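This report concerns only the one structure given below.
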Amino acid sequence: MATFKPKFIKPDTDDAIADITGVEEPQTSTFVYNANHNLGLTEQRERLPIRKYRDQILYCLEQHQVVILVGETGSGKSTQVPQYLYEWGWHSKGCIGITEPRRVSTVTLANRVAQERGELVGDTVGYAVRFQERISNETKIKFVTEGILLRELLADPLLTQYSVIIVDEAHERNMLTDLLLGLLKKILRKRSQLKLIISSATIDASFFSEFFSWPGADKEVSVKLSIEGRMHAVHHFYLNEPCADYVKETVATIWKLHQKEPPGDILAFLTGQEEVLEALDLIKEYIASEETATLKALPMYGSMSSQDQLSVFFTPPKGVRKVVLATNIAETSITIPGIVYVIDCGYVKVKWFNPTTCSDSLMVVPVSKASAIQRAGRAGRVRPGKVYRLYTKQDYDALAPRQPPELRRSELSGAVLQLKALGIGNILRFDFPSPPPAKNLLAALETLYALDALDEEGQLTKPVGFLLAELPFTAMLSKMLHVSGKLGCAEEIITIIAMLQVQSIFSRPVSAAAQQSGRIAHRHFEVAEGDLITLLNVYTAFVEEGMTKEFCGQYYLIYRNLKRACELREQLINLARKKYGIPIFSCKGDVELICKCITAGFFTQVAYLHHSGVYRQISSGTELAIHPNSTLYTLPQAQYVVYGELLQTTKLFMNHVTVIKKEWLTELAPHYYQQTTVRD
DNA sequence: GAGCACTGC
């Protein structure tokens, strides 16, 4: 083994020795570090970093309509600020609402705050997320997901039941965050007594304060407060020269680090499953060269089975260092305990909507500074840590502050429907925090017009437009459901929709042999009609076999995702029947009828088989290919297919493909197909 | 014969 050369330089001048002194035994707890764990809850609250800002926050909120709160992780802002407001009496004028981007954090925070107040959740402190609600007449502090608040807007456009809204984690800039912020700005101007607190990371604070200032408003409509967090220091290392292959560099860095650094687990960020497995193979070669294994390498990516994912949470035996090779899943979604060293390859895979082809591109791009900081932070959770960035300091300085917000790079028909339902007539003039490209908005308007959700004037149609705006999935799937109610197969269509909402139900095992067995097992469900009917088959088999984990193991299916699809399906059946009066019937195996419904939703996304042997988009003539993940990839080519999504990678790939008959198009979408000529 | 990060109603 070559000797370790200091390839990394530190931006700060501290001697490297300083990092090694004071190293404690590795922490093995899976909980977030809490220095005050043996104090009572009240004393704990008093000791939180945010406590000394309490009066200032309350004062600012008295003086201004919008307050921007900048606080690091662990500052206690999500749990404390709602209580400060309550204790100061803000609840007497209406609810204190807190929005969260994810369901889990919504429920967890509500429970935590209720506990701190010595109450049960559902009394003063409540929450509402999809599928679960703990709200009573006494509820004054209400934690909700962003999606729930947007739904509440439909019934109460001025949010009159609230006196204060706190938008937590606003810096994430999800599609729903941006929609909510745009709408809240409108509401604030109409309801001067409503207050807004935006809780954000440092990087976006000035952006938000500019967005929430308008002519004629109090000049200091927004106020920034910065609250430090409770993270340990993380030392940063950079490459002197850019590297050619970050997968190899990651593995080499892991190995050097393992030889030279004191105990502590390693987390390496790569962009995709393929890279993770490649790096895993490479590091295993290094490990095999040792007599006794002192390094244990584990992969972590989204489509692994739950059981395989669990293994990254185990504490390695004494004398063994754990290294986790992960995708972005470890950046925010999953916290792996014991991590002291982070390796950041500097890249990330992002989806980007292309309005010309209505496809998503999946591209590997440099991470943003915000992501790089977030990744580095994963090293400082248990004790002071180190991050090795596989790029130069100059490259780091040149990184974009953040990834463009989701709303600027996504398909927008859902967002447009939502805004139309709230009475926003001219979508192009809506005050988005970051306006999306006009082309994207126009593509959404065209899609909605084709689906008969909007009329020539761009008004929501009755009943289709209003129904599509209310249903909680994409416009095309909602249209599919609407038609299935009329054709008598809503039960099957709801199953398919539920299966499409969850993450992949087909697991991708780690080893090559298991991957092969998985593929063979999946064939069990495959049918010539295509992917959506295949999904229906998986669901039916899962239910018939008693919905067991064993069944999923045997057929390489992901239990947690299938289980969630079942939950969703139950909810959708109830929703469709009770709220929207859609008759729920089963077509009892009439597959053609189901395929017709699918066509009724996806008729704008059709490809025909050109005589040259490749598929072409019916609307534009663009060449398309069947995605290798599709059931139809290995089957003889059908003349006409509809697809659920287009993905641009090495080619323009169709996914979620269904075989259809040409005459269904004119039968189900005559308004769209009368002028379109099909060239063979 | 290609490859898919993550959420939400």
Side-chain angles (χ1 to χ4, degrees), chain A residues 99-106 128-133 144-155 169 172-180 269-278 300-304 326-334 345 347-352 360-365 367-368 371 374-375 403 405-407 409-410 414-415 417-418 421 468-475 477-478 497-498 501-508 515 519 558 561 564 567-568 571-572 575 579 625-630 633-634 645-656:
Chain A
T99 71
E100 292 291 326
R102 280 167 294 278
R103 302 172 69 232
V104 176
S105 53
T106 313
V129 299
R130 188 173 191 172
F131 303 125
Q132 277 179 67
E133 198 180 282
V144 295
T145 47
E146 292 165 344
I148 292 271
L149 195 70
L150 274 164
R151 294 284 142 179
E152 286 186 5
L153 272 168
L154 285 174
E169 314 275 8
E172 287 190 18
R173 303 289 303 276
N174 302 321
M175 178 121 84
L176 297 187
T177 319
D178 274 21
L179 279 180
L180 205 54
F269 286 99
L270 293 163
T271 71
Q273 175 196 325
E274 196 183 359
E275 287 174 8
V276 166
L277 294 180
E278 188 190 334
M300 183 77 199
Y301 49 84
S303 58
M304 269 164 62
T327 61
N328 239 17
I329 194 170
E331 192 178 300
T332 47
S333 304
I334 285 174
C345 76
Y347 288 90
V348 66
K349 226 170 236 176
V350 293
K351 245 183 183 180
W352 209 290
D360 282 315
S361 296
L362 204 56
M363 303 183 292
V364 175
V365 299
V367 287
S368 62
S371 282
Q374 175 74 22
R375 288 177 176 187
Q403 240 14 281
E406 192 186 9
L407 198 103
R409 47 187 177 84
S410 306
L417 277 173
Q418 184 86 41
L468 267 52
E470 282 208 43
L471 288 171
F473 21 79
T474 65
L477 292 178
S478 304
I497 291 175
Q501 301 301 302
V502 298
Q503 282 167 44
S504 178
I505 52 156
F506 298 112
S507 87
R508 292 139 188 260
Q515 275 181 34
R519 211 162 292 148
I558 300 174
N561 293 347
R564 179 154 163 80
E567 274 176 33
L568 260 165
Q571 189 209 23
L572 296 179
L575 199 75
K579 197 165 172 197
I626 304 251
H627 196 283
N629 282 351
S630 169
Y633 186 77
T634 47
E645 59 185 19
L646 275 188
L647 199 61
Q648 170 85 59
T649 51
T650 53
K651 281 182 189 171
L652 205 46
F653 286 110
M654 300 182 271
N655 209 355
H656 296 147

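Just so you know, these numbers use all the heavy atoms, side chains as well, and skip hydrogens, waters and symmetry mates. All of these numbers come straight from a predicted model, not from anything done at the bench. Here is the naming used below: chain letters follow the sequence lines, and residue numbers restart at 1 for every chain.
- Comparing A:T650 and A:G147 against DNA chain B, the residue whose closest nucleotide sits nearer the 5' end is A:T650.
- Rounded to whole Å, the distance from CZ on A:F506 to P on B:dA2 is 21 Å.
- Nucleic acid contact class of A:L150 (heavy atoms, under 4.0 Å, all strands): none.
- Rounded to an integer number of Å, the gap from A:Y301 OH to B:dC6 P is 12 Å.
- Contacts of A:F473 classified as ring pair (Phe, Tyr, Trp, His ring centres under 6.0 Å), with partners at least two apart in sequence or in another chain: none.
- Side-chain proximity of A:I329 to B:dA5, B:dT7, B:dC4: nearest is B:dA5.
- Comparing B:dT7, B:dC4, B:dC9 by their closest approach to the side chain of A:R103 singles out B:dC9.
- Nearest nucleotide to the side chain of A:T145, out of B:dA2, B:dT7, B:dC9: B:dC9.
- Side-chain N/O atoms of A:Q503 include one lying less than 4.0 angstrom from OP1 or OP2 on B:dT7.
- For A:L362, counting side-chain heavy atoms from C-beta on, the closest listed nucleotide (B:dA2, B:dG1, B:dC4) is B:dC4.
- Here B:dA2 presents its P atom at 15 Å from CG of A:N655, a figure rounded to the nearest Å.
- Look at CE on A:M304: it is 11 Å from P on B:dC6, rounded to the nearest Å.
- Both A:A128 and A:P628 lie close to DNA chain B; mapped to their nearest nucleotides by heavy-atom distance, the more 5′-ward contact belongs to A:P628.
- Listed for the A:N655 side chain is no donor-acceptor partner under 3.5 Å among the backbone atoms of A:E645.
- Counting any heavy atom pair closer than 4.0 Å across all strands shown, A:Q273 reaches sugar-phosphate atoms only and no base atom.
- Residue A:R102 contributes atom CZ, which lies 8 Å from atom C1' of B:dC6 at whole-angstrom precision.
- Nearest nucleotide to the A:H627 side chain, out of B:dC9, B:dC4, B:dC6: B:dC4.
- Listed candidates were B:dA5, B:dT7, B:dG8. Nearest to the side chain of A:L176 is B:dG8.
- Between the side chain of A:S630 and the backbone N or O of A:I626 there is no donor-acceptor pair closer than 3.5 Å.
- Checking B:dC9, B:dT7, B:dA5 against the side-chain heavy atoms of A:P472 singles out B:dC9 as nearest.
- With distances taken from any side-chain atom of A:I148 to the nucleotides B:dC4, B:dC9, B:dA2, the minimum falls on B:dC9.
- Within a 6.0 Å sphere centred on CZ of A:F506, other residues, nucleotides and ligands contribute more than 12 heavy atoms.
- Atoms CZ (A:R409) and P (B:dC6) sit 14 Å apart, rounded to a whole Å.
- The main-chain N or O of A:S361 is never found under 3.5 Å from a side-chain atom of A:Q648 such that the two would form a donor-acceptor pair.
- Whole-Å rounding puts the A:E567 CD to B:dC9 P distance at 12 Å.
- Between A:R564 atom CZ and B:dG8 atom C1' there is a gap of 9 Å when expressed in whole angstrom units.
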Exercise. Check the pair A:E146 / A:T99 against side chain to side chain donor-acceptor pair (under 3.5 Å), numbers first and verdict last.
Key: CA-CA 5 Å; A:E146 292 165 344; A:T99 71; 4.5 Å; no
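- You'll find that the side chain of A:R130 is closest to B:dC9, out of B:dA5, B:dG3, B:dC9.
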